Amino acid sequence: MSDPLTIGMLGYRFMGKAHSNALARLPMFFPDAPDVERHTLIGRDEAALADAADRFGFTHTATDWEAVIDEVDVLYNLGPNHLHAEPSIAAMEADTAVLCEKPLAPTLDEAATMRDAAAKADLPAGCAFNYRFVPAIQYAKRLIEAGDLGEIRHVRGRYLQDWLVDPDAEWAWRMDADLAGSGALGDLGAHTIDLARFLVGNQVGEIERVSGQLQTFVDERPVYDDDGETVAEYRPVTVDDAYTAQAEFASGAVGSFEASRFATGHKNDHTIAIHGSDGSLTFSLERLNELEVLTDERRGYETVLVTDETDPYVDHWWPPGHVVGWEHTFVHENYEFLSAVAAGEAFSPSFAEAYQVQRILDAIERADARGAWVDLA
Ligand code: SOE
C-alpha cells in the first residue's frame with residue numbers, strides 16, 4: 001500500500017470546513033480515492049487554529065505556511081485572494097501539488113504568474129471551481145456535447161446573493177480591492193464564467209469581447225468591537241457590489257452575465273441558462289439536483305431529477321431521489337483532484353483555465369472603466 005497523501009491546508013474558516021468535510025467523507029463514499037492524511041492546518045490565530053484542527057481532523061497546526069510546503073504532498077490554499085499567489089507558487093517550486101480557491105488571484109498579473117509557475121512545475125495545480133462537480137451540471141454538459149441542444153446561441157448566467165443589503169453589515173476582506181481584487185465580479189462572477197466555459201466552451205469557443213458595468217452601492221462599512229454592536233471604525237468598500245456584462249463568443253453565440261450581493265431575497269441563486277437551435281436548459285444552484293431541459297419534441301421544459309445511478313457521481317451516494325447537497329460538490333472535486341495527484345495526471349479546472357477566467361474578469365473591469373467593449377481575441 002502506498003503512503004497516504006499528506007495535506008497542508010491554509011485557511012480554516014468557511015472553505016476550510018467545506019474541504020475538510022470532503023476529505024473526511026472520501027474514504028466512506030469514494031473507496032477508490034487515494035488515502036490522505038489531514039496533516040497540517042495553517043493559520044494565524046493559534047487558539048482558533050487548534051480548535052479548528054481538532055474539529056477538522058488535522059494532526060498538526062502551523063502559523064507559517066513557508067515551513068509547511070516542503071513537508072506535505074499537497075497544499076490546499078483556501079486563504080483570502082491576496083494570499084493565493086505567493087504560497088501556491090512556493091509550494092509548486094517545492095514540488096507540492098496545489099488546490100487553490102477561486103478566483104485564482106486578485107489581479108491578472110498575479111494569475112499569470114501562477115499559471116506560469118504551474119506550467120513549469122508540471123504538477124496538478126487546480127482551481128476550486130466546485131460547481132463544475134454538481135451532478136446536474138455534468139449531466140448538462142453531456143447533453144450539450146451530445147448535440148441535444150443543437151447549435152448554442154445564448155448563455156445567460158446570474159449569481160445573486162443578498163448578504164450586503166443591510167448597510168450595517170460588517171466590513172470584510174472581500175470588500176477590499178487589495179485583498180480581494182474585485183467584489184461580486186471575482187467572488188461570484190468567476191464561478192459563472194468558469195461554468196459557461198466548461199459547459200459550452202467546446203461548442204462556442206472562447207469569449208472574444210465583453211462589455212462591463214460595475215457598481216458599488218454602499219461605499220463604507222462598519223467594523224464592530226467584540227460586543228458585536230459598538231462600531232469601532234468604518235472602512236471603505238473598494239470593490240463592486242454588483243456587475244453586469246455582455247459577451248460575444250467566437251462562434252457568435254451571445255452571453256450575458258451578472259452577479260450581486262444586493263439582490264434582496266436571493267441567498268445563493270446561481271442560475272445558468274443555455275439556449276440552442278434544438279433545445280434549452282436551465283440550472284439553478286438552489287435546486288441543484290434538478291435540471292430544466294427542453295428538447296425539440298416537447299413544448300415545455302421537463303424537470304429532470306439528476307439522481308439516477310447512471311448520473312455523474314450519484315452511484316457513490318444514495319438511491320434515486322435521495323438528493324445530494326452543496327457540500328457534495330466539494331467531495332467530488334476533492335476526489336477528482338486527489339486522484340489526479342496520485343496518478344500524476346493533470347486536473348481540470350487547472351491554473352491555466354482559471355487564468356482564462358481571470359482574463360475575462362479583468363476585461364469586464366476594463367470595459368467598465370472605459371465605458372466601451374473590450375476585445376479579448
Ligand atoms: C460568498 O459570496 C461565497 O461564499 C463565495 O465566496 C463562494 O465561492 C460561493 O460558492 C458562495 O458564496
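When a ligand or atom number is given, it counts from 1 through the structure's own listing order. Throughout, numbering of the chain's residues begins at 1 and tracks the sequence. Since the model is a prediction, treat every value here as computed from it, not as a measurement.
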- Item | Side-chain ion pair, Asp187 and Lys102, N-O less than 4.0 Å | yes
Give one line per pair: atom of ligand 1, protein atom, distance. Only N/O to N/O under 3.5 Å.
| from | atom 1 | to | atom 2 | distance (Å) |
| --- | --- | --- | --- | --- |
| ligand 1 | 2 (O) | Gln161 | OE1 | 2.8 |
| ligand 1 | 2 (O) | Asp187 | OD2 | 2.7 |
| ligand 1 | 6 (O) | Lys102 | NZ | 3.4 |
| ligand 1 | 6 (O) | Arg174 | NH1 | 3.2 |
| ligand 1 | 6 (O) | Asp187 | OD1 | 2.6 |
| ligand 1 | 6 (O) | Asp187 | OD2 | 3.4 |
| ligand 1 | 8 (O) | Lys102 | NZ | 2.7 |
| ligand 1 | 8 (O) | His191 | NE2 | 2.8 |
| ligand 1 | 10 (O) | Tyr131 | OH | 2.5 |
| ligand 1 | 10 (O) | Tyr159 | OH | 3.4 |
| ligand 1 | 10 (O) | His191 | NE2 | 3.4 |
| ligand 1 | 12 (O) | Gln161 | NE2 | 2.9 |

- Message: Between the side chains of Asp51 and Arg55, is the shortest nitrogen-to-carboxylate-oxygen separation below 4.0 Å, so that they form an ion pair?
- Response: yes
- Compare all side-chain heavy atoms of Trp373 with those of Gln246 and state whether any distance is below 4.5 angstrom. yes
- Task: Treat each ILVMFWY residue as a node, draw an edge where side-chain heavy atoms are under 4.5 Å apart, and state whether Leu75 and Val36 are in one component.
- Result: no
- Task: Any ring pair (Phe, Tyr, Trp, His ring centres under 6.0 Å) involving residues 62-106? Give me the pairs, sequence neighbours left out, ordered by first then second residue.
- Result: His19-Tyr76
- Decide yes or no on salt bridge (charged side-chain N to carboxylate O under 4.0 Å, His left out) for Glu248 and Arg209, but give the supporting numbers first. CA-CA 5 Å; Glu248 185 180 322; Arg209 59 187 200 114; 2.9 Å; yes
